[in-house]
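Quick note: numbers below take in every heavy atom, side chains included, and nothing from hydrogens, waters or symmetry partners. Proteins come first, then strands; the chains are lettered A, B, ... in the order of their sequence lines, and each starts at number 1.
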Amino acid sequence: MNLSLRKYDAILATVQSIPAGKVATYGQIATLADLPGRARLVGTVLNKLPQDSGVPWHRVVNAKGEISFRGDGESVTEQEILLTEEGVELSPQGRIRLGEYRWEP
DNA sequence: CTGGTGACAGGAA
DNA sequence: TTTCCTGCCACCA
């Protein structure tokens with residue numbers, strides 16, 4: 001078992017600790033998981049996550065408050081819907097108001 | 001082993 | 001306010 005796997009677990013645990021109706025940025029997750037500056041790893045990890053991982057990945061967005069995904073919008077739309085269902089309101093530009101919904105541990 | 005890729009962030013203009 | 005450039009490191013061929 002790789003020690004890096006423990007870091008993945010820390011990332012997943014942090015994402016799962018995000019309360020409903022709130023969102024967190026990749027950098028924030030990375031910092032909370034003791035991986036400062038490794039925001040890309042958070043995205044890479046989530047990208048490889050299975051669908052039944054039970055991780056609320058839809059609450060994780062980039063620093064701009066936008067929903068990220070390899071440029072394709074289908075999954076992005078699903079993420080927007082999930083967030084809206086939880087009470088997260090989106091800006092007209094399709095961006096989340098981090099000042100309002102950013103998770104502050 | 002080397003090189004390229006990637007759900008990003010932060011600073012500068 | 002947004003856009004562009006750079007750095008960061010795990011994973012894949």
Atom-to-atom span, [atom1] of [X] to [atom2] of [N] - whole angstrom:
| X | N | atom1 | atom2 | result |
| --- | --- | --- | --- | --- |
| A:Arg97 | C:dT1 | CZ | P | 13 Å |
| A:Arg95 | B:dC8 | CZ | P | 15 Å |
| A:Ile96 | B:dC8 | CD1 | P | 14 Å |
| A:Asn47 | C:dC9 | CG | C1' | 15 Å |
| A:Glu66 | C:dT2 | CD | C1' | 10 Å |
| A:Leu41 | C:dC11 | CG | P | 8 Å |
| A:Arg38 | C:dT6 | CZ | P | 19 Å |
| A:Ile11 | B:dG6 | CD1 | C1' | 14 Å |

**Prompt:** Side-chain donor or acceptor of A:Arg40 under 3.5 Å from a matching atom on the base of C:dG7?
**Reply:**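 Yes, the side chain and the base share a sub-3.5 Å donor-acceptor pair.
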
**Prompt:** Quick one: do A:Leu41 and A:Ile18 end up in the same hydrophobic cluster if we chain Ile, Leu, Val, Met, Phe, Trp and Tyr together by side-chain heavy atoms under 4.5 Å apart?
**Reply:**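 No, separate clusters.
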
If you check the [X] side chain, which of [options] turns out closest?
| X | options | result |
| --- | --- | --- |
| A:Thr25 | C:dC9, B:dA9, C:dG7 | B:dA9 |
| A:Ala63 | C:dC11, B:dG10, C:dA10 | B:dG10 |
| A:Tyr26 | B:dA9, C:dA10, C:dG7 | B:dA9 |
| A:Thr44 | B:dC8, C:dT2, B:dG6 | B:dG6 |
| A:Asn62 | C:dC9, B:dC8, C:dT1 | B:dC8 |

Do [X] and [Y] touch side chain to side chain, with heavy atoms closer than 4.5 Å?
| X | Y | value |
| --- | --- | --- |
| A:Pro56 | A:Val15 | yes |
| A:Leu46 | A:Tyr26 | yes |
| A:Leu32 | A:Pro105 | yes |

Counting the atoms with a prime plus P, OP1 and OP2 as sugar-phosphate, which does [X] contact under 4.0 Å by heavy atoms, base, sugar-phosphate, or nothing?
| X | answer |
| --- | --- |
| A:Gly37 | nothing |
| A:Arg59 | nothing |
| A:Gln28 | nothing |

**N-O pairing of A:Arg59 and A:Glu86 below 4.0 Å** =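 The answer is yes: the pair qualifies as a salt bridge.
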
